[in-house]
Chemist: 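What follows is a single structure, and I will ask about it in a moment.
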Amino acid sequence: MTQRGETQSKAKSTDDSAAPGFSQPGANDVSGVQDDWVAQTLKTSPAISITTDILPSDSAMGIEAPPLPTEQLLEMYRGALTIRLMEESLLAAAEEGKIGGAMHTAIGHEANAIGAAFALRPGDYITCTYRGHHHGLAWGMDPGRAIAEVMGRADGFAKGKGGSMHFVSPEHGLMGANGIVGAQAPHAAGLALASWLRGEDRVAITFFGDGAFYQGVMHETFNIAAKWKLPLIFYCENNRYSEMTPIWRTSSIDDIYLFPRSYGMASMQIDGNDVEVVHAAVSQAAARARAGEGPTFIEGITYRLAGHMAGDLETYRPQAEIEMQKAYEPLTVLRQKLRARGVEETQIAAINEEVDESMDEAVAFAEGSPWPDPAEAYRDVYT
Amino acid sequence: MTQRGETQSKAKSTDDSAAPGFSQPGANDVSGVQDDWVAQTLKTSPAISITTDILPSDSAMGIEAPPLPTEQLLEMYRGALTIRLMEESLLAAAEEGKIGGAMHTAIGHEANAIGAAFALRPGDYITCTYRGHHHGLAWGMDPGRAIAEVMGRADGFAKGKGGSMHFVSPEHGLMGANGIVGAQAPHAAGLALASWLRGEDRVAITFFGDGAFYQGVMHETFNIAAKWKLPLIFYCENNRYSEMTPIWRTSSIDDIYLFPRSYGMASMQIDGNDVEVVHAAVSQAAARARAGEGPTFIEGITYRLAGHMAGDLETYRPQAEIEMQKAYEPLTVLRQKLRARGVEETQIAAINEEVDESMDEAVAFAEGSPWPDPAEAYRDVYT
Amino acid sequence: MRRTTYIQAINEALREEMRRDENVFLIGEDVGHYGGLFRVTRNLLDEFGEKRVLDTPISEQAFVGMALGAAMVGMRPIVELMYMDFTLVAADQIFNQIAKYAYMTGGLLNIPLVIRGQQGGGKRYGSQHSQSVESLYAHFPGIKVVAPATPYDAKGLLKSVIRDDNPVAFLEHKMLYFTRGDAPPPDEEHLIPIGKAEVKREGSDLTIATFSYCLLQALEGAATLHEKYGIDCEIVDLRTIEPLDTETIWESVAKTGRLLAVHESYAMCGIGAELVARAYEEVPHLLRAPARRVGMAPVSIPVSRALEEEVLPWKEEIIATVLEMERE
Amino acid sequence: MRRTTYIQAINEALREEMRRDENVFLIGEDVGHYGGLFRVTRNLLDEFGEKRVLDTPISEQAFVGMALGAAMVGMRPIVELMYMDFTLVAADQIFNQIAKYAYMTGGLLNIPLVIRGQQGGGKRYGSQHSQSVESLYAHFPGIKVVAPATPYDAKGLLKSVIRDDNPVAFLEHKMLYFTRGDAPPPDEEHLIPIGKAEVKREGSDLTIATFSYCLLQALEGAATLHEKYGIDCEIVDLRTIEPLDTETIWESVAKTGRLLAVHESYAMCGIGAELVARAYEEVPHLLRAPARRVGMAPVSIPVSRALEEEVLPWKEEIIATVLEMERE
Ligand SMILES: Cc1ncc(C[n+]2csc(CCOP(=O)(O)OP(=O)(O)O)c2C)c(N)n1
Ligand SMILES: Cc1ncc(C[n+]2csc(CCOP(=O)(O)OP(=O)(O)O)c2C)c(N)n1
Ligand SMILES: [Mg+2]
Ligand SMILES: [Mg+2]
C-alpha cells in the first residue's frame with residue numbers, strides 16, 4: 001500500500017529535494033534512457049517540446065509573459081499544491097479500494113489549470129475532460145466536496161452521481177468534465193455562443209488532451225468557432241500520451257498548434273508547466289475573445305507524472321522518462337520561481353504545511369460524508 | 001413538364017450553341033450579376049477558382065496534364081455525355097413522379113468521374129456520395145440497370161433496394177455511394193487498408209463534396225490515412241454549395257486543398273471540369289499510392305448546373321451564376337478540346353446520336369423492368 | 001376554425017416562441033437563409049436575423065453539442081436535424097451528453113433544448129433517410145419524446161416543448177408535412193401539455209395506441225374495420241412517447257379489453273413492445289386477449305415503392321392484426 | 001477440464017482465429033502495443049505484428065468505418081470499442097452503415113465484421129462508461145448480437161462470430177472479465193453456434209431468460225429462491241440476443257408457465273419488453289401468469305456505490321420480481 005504523499009511519481013510533493021535542479025545542465029539529454037521511447041515521444045514537437053527546450057520558461061511563442069506579482073505566485077503555488085495533494089490522497093484512497101471506476105489524476109498538469117484560472121474572470125465558462133480535478137480546484141471547488149464526489153458520497157457536488165469523470169460546479173463556471181473524449185469541446189463553443197448571442201463578454205475555455213485532437217468533433221468545433229468568431233479558447237494539454245499510446249504512434253500531425261491555423265485561428269504552443277506562461281497565453285487569448293476577434297488555440301506542453309488512471313501499471317513508458325520530467329514539473333518550477341523572487345523557504349514550508357493540513361481535513365470530511373439516500377438514484381433525470 | 005434533354009440547366013446537352021464561347025473574353029467577369037452571390041461564392045478559392053481562372057485548362061497546380069490521345073478523349077466524351085443524358089432522363093422521370101426520395105444529379109460534375117475512372121485500373125476501389133450516378137457510369141455500370149435501380153425496379157443492380165443514393169457495383173470496383181455526408185470516406189480508407197494488408201497494389205478513391213469537408217469523420221480519416229500511408233485518394237468535388245448553402249457561409253477554411261497538408265498529405269487544387277486535368281491529377285495520386293507514398297488529396301473545382309436534388313427550386317443562387325458557369329462545364333470543355341484536335345463536327349454529332357439512342361433504350365429497359373417481388377423486401381438483411 | 005398545414009403550424013409555433021422568449025434560437029443545416037430543406041423554418045431569418053437562426057456546416061456532432069452548451073446557461077436552442085436519421089451521427093451528443101447532463105451533474109444543470117426534424121417512410125428515401133427514431137430516443141432516459149400527428153397538436157405541443165426545462169425530441173413525419181387540419185388562432189396562447197395522450201376515435205372493441213403518421217393510418221384502418229367487419233376500434237393518440245401517458249391507454253383498455261400498439265420505428269425493442277410489457281406489468285387483468293404490437297419490419301427500409309409499401313406497418317397490417325386479435 | 005478466465009478465453013479465441021485465417025485482424029485503441037485497456041488482446045501484437053493488430057488514434061467513427069470498408073472485400077476485422085458506450089460515438093457507422101450495407105446493396109456485399117468490447121455496471125464507472133447496449137444493437141436489424149456469460153461460451157461463440165459472414169456485436173461484461181470457468185482444450189475446434197440459447201439451470205416453477213452478467217445474478221437469485229422459498233427457477237441463457245432463440249425459451253415456458261426476462265440495458269424499449277411482446281404473439285397460451293421483464297432503471301447509472309447498486313437489475317430485483325410473479 002502506498003503512503004499518502006508518495007504517489008507513483010515517487011517524489012513527495014511538498015519537498016522537491018528528490019528532483020534534479022531546475023536548470024541543471026544536461027537535463028534534456030535523453031541519452032541515458034535505455035530505449036528510444038523518450039526520443040520518439042519528443043519527436044512530436046521537435047522544435048519546442050517541453051520546458052527542457054524552452055527554458056528559461058518565462059516566454060513562449062509569441063507570448064510575452066511578464067512576471068506576476070509574488071503574492072499571486074504564492075497563491076498559485078498554494079493552488080497547485082492543493083491539486084497535487086488532493087490527487088495524491090485520491091490515489092491512495094483508490095489503492096485502498098475506496099474509489100471505483102476510472103479515476104484520472106492531473107499530477108504534473110497543475111500549471112495548465114492554475115495559470116488559466118488566474119487569467120480568466122468570474123463569469124467565464126469552462127469545460128474539461130475526465131482528467132479534470134485540477135480544473136475543478138483551480139476554479140474554486142472545495143476539495144472536501146470534490147473528494148466526497150469522487151468517493152460517491154452525499155456531500156459531493158453532484159451528490160455522488162458524477163464522480164471523478166464529471167466534475168461540475170456552475171457557480172464557479174465549471175460547466176462539466178466529460179468522460180467521452182472530445183465531447184466537451186462543442187459544449188464550450190455553445191457556452192461561447194450563448195455569451196455572444198447575449199452580447200455578454202464572457203469567454204469560454206475548453207481543455208482537452210493531445211489524443212482528443214483526432215476526434216472528429218474537434219474539427220467540426222474548430223471550424224464553426226473560427227467561422228463565427230466565438231469567444232472561445234481551445235486549450236490542449238499535450239502530455240504526449242493518449243492512455244497507453246504515445247501520440248507519435250497515431251498522429252500524422254507534427255505540430256498540433258500549427259494545425260488550427262488552417263481555420264484562420266490564432267494559435268500558439270507554450271510551456272504548460274509554467275503558470276506564468278500559461279497565464280500570459282490565456283490572458284492574451286481571452287483579450288482576443290472579448291474583443292470579438294474569435295477563438296485562440298493554445299497547446300500547453302505538459303506531462304503526467306502519474307499513470308493514465310488509478311491502477312495504471314505504466315508498462316508503456318520507462319521510469320527514466322518520468323524521472324527526467326520531474327525536473328520540469330509545475331511545482332518544481334513554481335518553487336524555483338518563488339526562490340528566485342527571494343521568497344523564504346520558511347514561507348514555502350508554511351504553505352506546504354497549511355495545504356497538507358487542510359487536505360487532511362478535506363479527506364476526513366469526505367470520508368465522513370454519508371452515502372446518498374438510495375432514493376436519490378431516481379432524482380434529476382428530469383428537472 | 002420538362003421535355004427530355006431540357007434540364008434545369010436549360011441548355012440541351014448534345015448541343016452547346018446556347019453556351020457562351022469557350023474562352024470568350026470577359027466570361028469570368030461577374031459584374032453583370034445582380035447580387036453578390038457569385039462574388040461571395042468564388043471567395044472560397046480566390047486564387048484559382050474555376051476553369052474561368054485557370055484556362056487554358058490543360059494544367060493545374062503542380063500537375064502536368066499531357067494531352068490524352070484523341071481516341072481516349074472521344075471515349076471520355078461518350079462517357080460524359082452518357083452521364084449527362086442519363087441525369088436529364090432521370091430528372092424528367094422525377095418530374096413525372098416516377099422517382100421518389102432524394103435524387104441528386106451530377107450535371108456539371110461529369111469530368112471529375114470520367115477523368116478519374118480513366119486514370120485508375122480494374123481492381124481499384126471507389127466509394128462516393130448520394131451524388132454518385134456519374135461515378136457509377138464512369139466505372140462501367142449499365143445505364144439501363146442504373147435507371148432501373150433509381151426507379152426501384154427489379155433489374156436495378158440492388159434490386160431496387162438502394163436507389164439513387166446507394167449506387168454500388170463491386171464488379172466495377174464501386175463499393176458504394178452513401179446517403180450520409182462523409183460516411184463513405186472511412187470505407188475507402190478501409191478498402192485501402194485491405195489492399196495494404198494483403199500486399200496488393202490496389203488503390204482506393206473516395207469522392208465527397210465541399211460540404212462534407214466539415215464532417216468530423218473526414219478529419220479522423222485524413223489523419224489515419226496519412227499516418228498509415230494508405231493507398232488512398234481523397235477527391236473533393238468542390239461545387240461550392242452544400243445543399244442550398246454556399247460554402248463561404250459555413251467554412252472558416254479558405255482553401256480546402258491546403259488544409260490536408262497539415263496531415264503531411266500531398267494535395268492539389270485542380271480544374272475538375274477538365275477530364276485531362278483530372279486524369280493527370282488522379283494518375284499522379286495513384287502512382288504515389290501504389291509506390292507506398294500514401295494518400296493524396298485532390299480538390300476538383302466544379303459546379304453543379306442542376307439543382308441540389310430533383311425538385312430543387314434553386315432560389316438560393318442567381319440564374320446569372322449558372323449561365324456563367326455553362327461556358328466551363330465539362331461537355332463544353334470536352335467538345336472544345338475535340339474540335340481543337342481537329343475532330344469533325346460530324347463525328348461528335350454521331351456520338352451524340354448514338355448516346356441519345358442508347359439512352360432511350362436504357363430508359364425503356366428500366367421502365368419495362370418489373371417491380372421487385374414483395375418477398376424481396378425481407379431478403380439480404382443477413383447473408 | 002382556421003385551417004393550416006402541419007409545416008405551417010410548426011413554423012408558427014417557432015415564430016411565436018421566438019417572439020416570446022429571446023433565449024430561443026434555431027440552429028441547423030440550411031435553416032436560415034433557405035428556410036429549411038422542408039421549409040419548416042421559412043422566413044424566420046427575416047424576422048429574427050442571422051444570430052437567432054443559425055446556418056451551420058454539415059457538422060451534426062458540433063452543432064448538437066453546442067446547443068447543449070448554450071442550454072446549460074438557459075438559452076433554449078432548437079436544433080433541426082434535416083432527417084432524424086442523422087441522430088446517429090450525433091448520437092454521442094444526444095444520448096451520452098444531452099440525455100445525461102442533468103443527472104450526471106446531480107441536478108446542478110438542466111438542459112432546455114429541443115431536437116426536431118422529420119422522420120419516417122412513405123416517400124422512397126431509402127434506408128438512411130426514412131427511419132423512425134422514437135423507440136431509440138425512448139430507450140435512453142433523460143430526453144422526452146413528442147410526436148404529434150395533427151397541425152393542431154403540433155403547434156400546441158411544440159410550444160410546450162420549447163418551454164419545457166428538459167431536453168425534448170420533437171419528431172415530425174415527412175408524410176404529415178402537407179396534411180391540413182384545424183389551427184388555433186395565431187395570437188392565442190395555445191399549449192398542449194407534454195405527456196398527455198388523447199382519444200382520437202372512440203370505439204368499444206379494441207384499443208389502438210399509436211401516434212404520428214401511424215395515427216392517420218390507424219384511423220383509415222379503423223374506418224375500414226368498422227365498415228367491412230363491424231369492428232369498432234378506439235384510437236389513442238399517444239402524442240408523447242416519453243413520458244408515456246399509460247393512464248389514458250389503460251382507461252381505454254378497461255373499456256375494450258384489447259390493446260394493439262402501432263408505430264413506425266422497428267418493432268424489435270420498440271415502443272410497442274414496451275407498451276405490451278407495461279400492460280402486463282400494470283393492468284394484466286384488463287386484457288381479454290393478448291396485447292399486441294405492430295412496428296417496422298426488421299429490414300432497412302428499401303427504396304423501391306413495391307418494397308417500401310411491403311415493410312411499412314401501415315393500414316393493411318393494422319387491419320390484418322386487428323382481425324387476428326378479434327379471432328383470439 | 002482446464003480452467004480459464006473470461007479474458008483469457010477471449011484472448012485464446014482471437015489468437016486461434018487469427019492463426020487460422022489471415023483475413024482476421026484487430027483494430028482499436030491501445031489494442032496493440034499495450035494489449036488492450038483490459039488486456040484482452042494481450043500479446044497478440046507479438047505474434048501477429050503491427051499490421052494485424054492496429055493501434056488507432058481516438059477516432060471511433062473512422063476506424064469503425066474503415067473496418068466496414070475492409071470487410072466489404074472479405075477481410076474480417078475485429079474492432080475493439082474500449083467501452084461499448086462508445087457505440088454512440090460511432091453510431092452512424094454502426095447502425096446507418098454496417099447494419100444496412102448488405103441490405104442496401106441488395107446482397108451484392110456482405111460484411112463479416114465483429115465489434116467487441118466490454119459493457120455494464122458494477123464497477124462505478126458512471127453514466128458514460130457503464131451502459132449495456134444489447135437492446136440498442138438489437139433494435140436495428142442487420143447486426144447480430146452475442147453476449148456470452150461464461151469463459152466456455154465466450155470462446156466458442158467468439159470463434160463462431162469471427163467466422164460468421166455478417167456483422168456481429170460481441171458484448172463482454174466488465175464484471176465477467178476475471179470470472180473463471182471451464183475452458184475447452186486450446187487446440188480443439190470448439191465452436192458454439194450463434195442463435196442457440198442454453199438452459200443453465202433446470203427448474204419447474206418459472207423461466208428466467210437472461211444472459212451476460214445477469215445470468216450469474218439470476219443463478220444466485222435462483223439459489224436463494226430455492227433455499228428460502230422453495231421456488232425452482234429454470235434459467236435460460238440466451239447467449240445470442242439477435243437472432244433470438246425463442247424456441248428454447250418457449251420450451252422452458254411450456255414447462256413452467258411463467259416467463260421473466262432479465263437484462264442490464266434499459267428496461268424501456270429493451271430486449272425484455274421484446275421477449276414479453278413475442279411471448280404474447282407466439283405462445284400466449286403457455287403463460288399461466290403475466291410475463292414480466294426486469295432491466296436497468298431509467299436513470300443514467302450513477303457513480304456512487306450506494307446509488308449504482310440501487311439501479312442495477314440484479315439479484316435483489318430478480319428475487320423480488322419472481323416473488324411477485326409467484327403471488328400472481
Ligand atoms: C470517445 C472515447 N474514446 C475513447 C475513450 C477512452 N479514453 C479515455 S482517456 C483516453 C486518452 C485520451 O488522451 P488525451 O486526449 O491525450 O488526454 P489525456 O488522458 O492524456 O489527458 C482514451 C482513449 C473515451 N473516454 N472516449
Ligand atoms: C450527415 C448528413 N447530414 C446532412 C445531410 C443532408 N445533406 C445531403 S447532401 C448535403 C450537402 C452536401 O454538400 P457537399 O458535400 O458539398 O456535396 P454536394 O451535394 O454539393 O455534391 C446535405 C447537407 C446528409 N445527407 N448527411
Ligand atoms: Mg494526452
Ligand atoms: Mg458541394
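Residue numbers begin at 1 in each chain, while the letters A, B, ... track the order of the sequences. Heavy atoms only: backbone and side chains are in, while hydrogens, waters and symmetry mates are out. The model shown is predicted, which means the values in this text are computed figures rather than measured ones.
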Chemist: Apply side-chain contact (heavy atoms from CB on, under 4.5 Å) to the pair C:Gln61 and B:Gln215, showing each step before the final yes or no.
Modeler: CA-CA 8 Å; C:Gln61 295 182 81; B:Gln215 276 289 40; 5.6 Å; no
Chemist: Identify which part of B:His308 has an atom lying under 4.5 Å from any heavy atom of chain C, answering side chain, backbone, both or neither.
Modeler: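 Neither part; nothing is under 4.5 Å.
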Chemist: Go through the atoms of B:Asp373 and report whether side chain, backbone, both or neither lie under 4.5 Å from a heavy atom of chain C.
Modeler: backbone
Chemist: Tell me if a side-chain donor or acceptor on C:Ser304 pairs with a main-chain N or O of B:Gly160 at a distance below 3.5 Å.
Modeler: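 The answer is no, because no donor-acceptor pair under 3.5 Å joins these two groups.
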Chemist: side-chain contact (heavy atoms from CB on, under 4.5 Å) between C:Ile58 and B:Phe213: does it pass, once the steps are laid out?
Modeler: CA-CA 8 Å; C:Ile58 313 175; B:Phe213 203 76; over 6 Å; no
Chemist: Under a 4.5 Å heavy-atom cut-off, does chain B meet the side chain of C:Glu29, its backbone, both or neither?
Modeler: neither
Chemist: Compare all side-chain heavy atoms of C:Glu310 with those of B:Glu376 and state whether any distance is below 4.5 angstrom.
Modeler: no
Chemist: So what's closer than 4.5 Å to chain B heavy atoms on C:Ser59: side chain, backbone, both or neither?
Modeler: both
Chemist: Quick one, B:Tyr378 with C:Val311, criterion side-chain contact (heavy atoms from CB on, under 4.5 Å). Give me CA distance, side-chain angles, the key distance, then yes/no.
Modeler: CA-CA 8 Å; B:Tyr378 303 102; C:Val311 299; 4.1 Å; yes
Chemist: Rounded to the nearest 0.5 Å, how far apart are OG1 of B:Thr250 and CZ of C:Phe63?
Modeler: 11.0 Å
Chemist: Can you tell me how far CZ of C:Arg305 sits from CD1 of B:Ile99, rounded to the nearest 0.5 angstrom?
Modeler: 11.0 Å
Chemist: Could you look at C:Leu88 and say if it's the side chain, the backbone, both or neither that has a heavy atom under 4.5 Å from chain B?
Modeler: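 No part of it gets close to chain B.
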Chemist: Pairing donors with acceptors under 3.5 angstrom, does anything connect the side chains of C:Asp30 and B:Thr245?
Modeler: yes
